[in-house]
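Here is the structure we will look at, set down as structure tokens.
Treat the numbers as computed from the prediction; the structure is a model and nothing was measured.
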Amino acid sequence: MTSTASKTSLRFFGLGGSNEVGRSCHILQYKGKTVMLDAGVHPAHQGLASLPFYDDFDLSTVDVLLISHFHLDHAASLPYVMQRTDFQGRVFMTHPTKAIYRWLLSDFVKVTNIGANSSLNDKDENLYTDEDLAESFDKIETIDYHSTMDVNGIKFTAFHAGHVLGAAMFQVEIAGLHILFTGDYSREVDRHLNSAEIPPQPSDVLIVESTFGTATHEPRLNREKKLTQLIHSTVSKGGRVLLPAFALGRAQELMLILDEYWSQNAEELGGGQVPVFYASNLARKCMSVFQTYVNMMNDDIRRKFRDSQSNPFIFKNISYLKNLDEFQDFGPSVILASPGMLQNGLSRDLLEKWCPGEKNLVLITGYSVEGTMAKYLMLEPDVIPSISNPEVTIPRRCQVEEISFAAHVDFRENLEFIEKIGAANIILVHGESNPMGRLKSALLSNFSSLKGTDDEVHVYNPRNCVPVDMEFKGIKIAKAVGNIVDEVNEALKLSGGKKGVDEDQDENIKEIDEGTIVSGILVSDEKNFDLNLVSLSDLRDHHMDLSTTVLKERQSIRLDCRKELVFWHLKQMFGDIEVLIDDAGVTVLHGDAHDKHHDAAKAKESDELELKIMGDIKLNIINDVATLEWSQGLINDTVADSVMAILLSVDSSPASVKLSSHSCSHEYHDEHELQDSEIQWKIRHIVRLLKEQFGDSLSLQMVETDTKTTKANGKPNYATATVTIGKNTAEINLTELGIVSCNSNPLKGRIESILSIASDLVAPLC
Ligand SMILES: [Zn+2]
Ligand SMILES: [Zn+2]
């Protein structure tokens, strides 16, 4: 094995859920891969304003989108992302999340559309339609807990997060870097769910929720007791109890508590005289989902299910209410109703109906987001606005209490989890600014002893749309494979390594002295970032899909001149030309060849001519199509270029005109003129070669005098080019292919080697 270290940076970019609870959406970018985490809406806002800041990021670049759980603040803008933006990535969630998501979002579409129609009557305010939801639903892929998917080198594994049925934490791995995203998580074993797991693989980066900041929950049993006692005393006094709850998740947990309490205290509660209702059509629809996935819940509920052979989510003491029309409000009762934050719908209607009664109780059990009615109600206002008519206010005399059953970790649980994960970089999300800030300070002071060491813990609490860049030492490890292992062993011996490299045993990694060179080919797998070091001769054995290849170039053009002309020009340029095929006898230029040509042309439909030029360049001409084929290389490419130039210019060359007009004559009257035009042609090509090498540093002074006069005067024909690179200048005699002057030796050497290639090319002419 061999390794190289280079710094690479991971970018975290929050589009929502940074310094707020709601519209969770985070972007991770590393090594050219982009992962998006969650696509929620903000419960305190409506329409487009409830979305994460999607306009601030190019969603078409996202490779994978992972949805942690079905709650609206994590999943409700997914159909918008999939149907109304440039997003083209793949979307994953767990099976139960997908099953519940469908019901939940169609309900969300209904509720938001009603809201939009009544307030704005603006169709654009609808984030998406039922059709969008249905179309996007089919494209969502599912992932099992503890299974790992690999999408173009992005590996991710789902772990139990507690919180709600189907909630997942995702550990993402890109090129050896591990990032854990908790989503919403709970470390408490409640009545139906297991607590969040610690992934076996350590993580470099932890993206963790901070909902409760530094607050600590009361013990679970105390809270249950408080809840049941408060409800019991309220109904005993003839009051009504409203428990606003999110339709799915915590509502089921509360019902498990209430159903048990009602069974155990039937007599005190008047033997069924105090009804408990759950006003949610959605929850009833989703009961089958909860039953289907009992195997994903904790031992306790699984035992209950096994022992009673009945669905523990079918409650003996709780009835479902489709809507308030069928509810007869005659005496004390307990109603669980959604939505949990009293923004609209059934829970809001009941609140407005019951809040003037002082015997009544509104019991908030979930987390209430800033800006919602639930949050406002906890301030115990004297009046609340009516949802149907904001001009009207309703007096509030009812009791308001909060007992949290929100399935989020408290500070103690969060800290314990964070310590177990041991990531050096912690990014706080899903929390209001103040609790999040307090959590950051608490974490920093907790890890203060590591400050300044290699294990220093960094805690980030970025705002939405403010990127966080984290540098990582990207260590590339390449596995030596095949014959090259011997070479590496040799290098190890030289540098004093005791053990050699064993192909199968990774533990035997030894450091080779820096500066020791082992050469081979690094074969990287784009998909999973694996690197193998193999010797060239082994390439085919170890990588069936790779082999050494000589690149062949091929170009075809249509000719509109005679083959004799082409051959003649090529011969002038390159001297000896090997004739491979000559059906028409065009290469036999003299005397009777002409007659042969006519005979052959008559006998054969196609008269093929195939020539080999400068050893490696094949020119084939059939009818009027010329095809040039050669193996890539500097000299070959240049020769091929020249051949192509001849093919293209052949009929416009003055020599061609002469040759054509005296096609049967072998006397070239003006030898000088013919040669001069070829010299110009040669210079043009040498200039091109120089131009390719020096680009704009090359300037030409074509001191090209009229050839006839110079010849007559006996003076040499002369053309120069000047190359200027900084202070260095070279003057080149293009006609004689020599350097006239040059003030820099390296430049001189470079030009000399170019000229030697050039002189090879044009040798027959010089
Ligand atoms: Zn949640
Ligand atoms: Zn949440």
Quick one: does any side-chain atom of Arg11 pair with a main-chain N or O of Gln29 as donor and acceptor, under 3.5 Å? no
Check the orientation of His408 and Tyr367. Use parallel for under 30°, tilted for 30 to 60°, and perpendicular for over 60°. perpendicular
Leu15 CG to Ser24 OG distance, which is reported to the nearest 0.5 Å: 11.0 Å
Do Ser448 and Ser445 pair up side chain to side chain, a donor and an acceptor below 3.5 Å, judged on atom types alone? no
Side-chain ion pair, Asp138 and Arg102, N-O less than 4.0 Å: no
Which residues share a side chain to side chain donor-acceptor pair (under 3.5 Å) with Ser203, sequence neighbours left out: Gln171
Just grab all the side-chain hydrogen bond (donor to acceptor under 3.5 Å, both in side chains) pairs involving residues 63-72, residues at least two apart or on different chains. Asp38-Ser68, His69-His71, His69-His163, His69-Asp184, His71-His163
Looking at every heavy atom in both Val289 and Ala99, which two are closest together, and how far apart are they? CG1-CB, 3.8 Å
Are the side chains of Val429 and Val208 in contact, using a 4.5 Å heavy-atom criterion? no
Do Pro462 and Ile427 come close enough that some side-chain heavy atom pair is under 4.5 Å? yes
Give a yes or no answer on whether the side chain of Asn298 reaches the backbone of Asp190 with a donor-acceptor pair at less than 3.5 Å. yes
Indicate yes or no for a side-chain donor-acceptor contact from Ser441 to the backbone of Gly437 under 3.5 Å, with no hydrogens or angles considered. yes
What pair of heavy atoms forms the shortest contact from Val369 to Met341, and how long is it? N-SD, 3.4 Å
For side chain to side chain contact (heavy atoms under 4.5 Å, CB included), just list the numbers for Ile154 and Tyr30, CA-CA rounded to whole Å, side-chain angles, deciding distance to a tenth of an Å, and then say yes or no. CA-CA 10 Å; Ile154 302 166; Tyr30 188 65; over 6 Å; no
Main chain of Tyr128, side chain of Asn126: is a donor-acceptor contact present, judged purely on distance under 3.5 Å? no
Could you check whether any side-chain heavy atom of Thr365 comes within less than 4.5 Å of a side-chain heavy atom of Pro244, counting everything from C-beta outward? no
Using side-chain heavy atoms (C-beta onward) and a distance below 4.5 Å, is Glu141 in contact with Met93? no
So, Ser186 versus Glu188: side-chain donor-acceptor pair below 3.5 Å or not? no
Gln343 side-chain N/O to Met373 backbone N/O, donor-acceptor pair under 3.5 Å: yes
Arg23 to Pro52 - nearest heavy-atom pair and separation: O-CG, 3.6 Å
Determine yes or no for a side-chain-to-main-chain donor-acceptor pair under 3.5 angstrom, with Asp73 supplying the side chain and His42 the backbone. no
Just wondering, are more than 12 heavy atoms of other shown residues or ligands nearer than 6.0 Å to CG in Asn446? yes
Could you grab the distance from atom CG of Leu439 to atom CG of Asn461, nearest 0.5 Å is fine? 9.0 Å
Carboxylate-amine/guanidinium proximity below 4.0 Å for Arg84 and Asp132: yes
Please collect all ring pair (Phe, Tyr, Trp, His ring centres under 6.0 Å) contacts where either partner lies in residues 179-206, sequence neighbours excluded, each pair once. His26-Phe181, Tyr185-Phe417, His192-Phe313
Tell me, which pairs form a salt bridge (charged side-chain N to carboxylate O under 4.0 Å, His left out) where one or both residues lie in residues 416-442, sequence neighbours left out? Glu416-Lys420
For Asp299, the side chain to side chain donor-acceptor pair (under 3.5 Å) test, sequence neighbours excluded, returns none
Just by modelled atom types, is the Glu413 backbone N or O under 3.5 Å from a matching donor or acceptor in the Asp410 side chain? yes
For Gly40 against Ser77, the heavy-atom pair lying closest together: O-OG, 2.8 Å
Side chain to side chain contact (heavy atoms under 4.5 Å, CB included) between Phe212 and Asn414, worked out: CA-CA 9 Å; Phe212 282 99; Asn414 211 357; over 6 Å; no
State, yes or no, whether a side-chain contact exists between Phe92 and Ile67 at a heavy-atom distance under 4.5 Å. no
Taking side chain to side chain donor-acceptor pair (under 3.5 Å) as the definition, give me every residue that meets it alongside Asp455, ordered by chain and number, with sequence neighbours left out. none
Under the side chain to side chain contact (heavy atoms under 4.5 Å, CB included) criterion, do Val172 and Leu66 qualify, and how do the steps go? CA-CA 10 Å; Val172 179; Leu66 308 174; 3.9 Å; yes
Run Glu20 and Arg463 through salt bridge (charged side-chain N to carboxylate O under 4.0 Å, His left out) and show every step you take. CA-CA 9 Å; Glu20 65 180 351; Arg463 304 209 151 261; over 6 Å; no
Donor-acceptor check, side chain of Ser9 to backbone of Asp469, threshold 3.5 angstrom: yes or no? no
Where the side chain of Lys98 meets the backbone of Ile140, is there a donor-acceptor pair that is under 3.5 Å apart? yes
Are Ile418 and Leu206 close enough, and set up right, to give a side chain to side chain contact (heavy atoms under 4.5 Å, CB included), and what steps lead you there? CA-CA 8 Å; Ile418 290 169; Leu206 173 66; 3.8 Å; yes
Under 4.5 Å between any side-chain heavy atoms of Thr372 and Pro339, yes or no? no
Distance check, rounded to the nearest 0.5 Å: Phe12 atom CZ versus Ile27 atom CD1? 9.5 Å
Does any N or O in the side chain of Glu197 come within less than 3.5 Å of the main-chain N or O of His160, such that one atom is a donor and the other an acceptor? yes
Going from CD1 on Ile143 to OG1 on Thr97, what distance comes out if it is rounded to the nearest 0.5 angstrom? 11.0 Å
Shortest non-hydrogen contact from Asp56 toward Phe13: O-CE2, 3.8 Å
Rounded distance [0.5 Å steps], CH2 in Trp103 versus CZ in Phe70: 14.5 Å
First locate atom CZ of Phe87, then atom OG1 of Thr61, and finally report the distance between them rounded to the nearest 0.5 Å. 10.0 Å
Heavy-atom side-chain contact between Thr157 and Phe159 under 4.5 Å: yes
Is it the case that over 12 heavy atoms from other parts of the model lie below 6.0 angstrom from the NZ atom of Lys451? no
Can you check whether Ser136 reaches Pro79 side chain to side chain, under 4.5 Å on heavy atoms? yes
Which atom pair, heavy atoms only, marks the closest approach of Lys375 to Ser368? CD-O, 3.4 Å
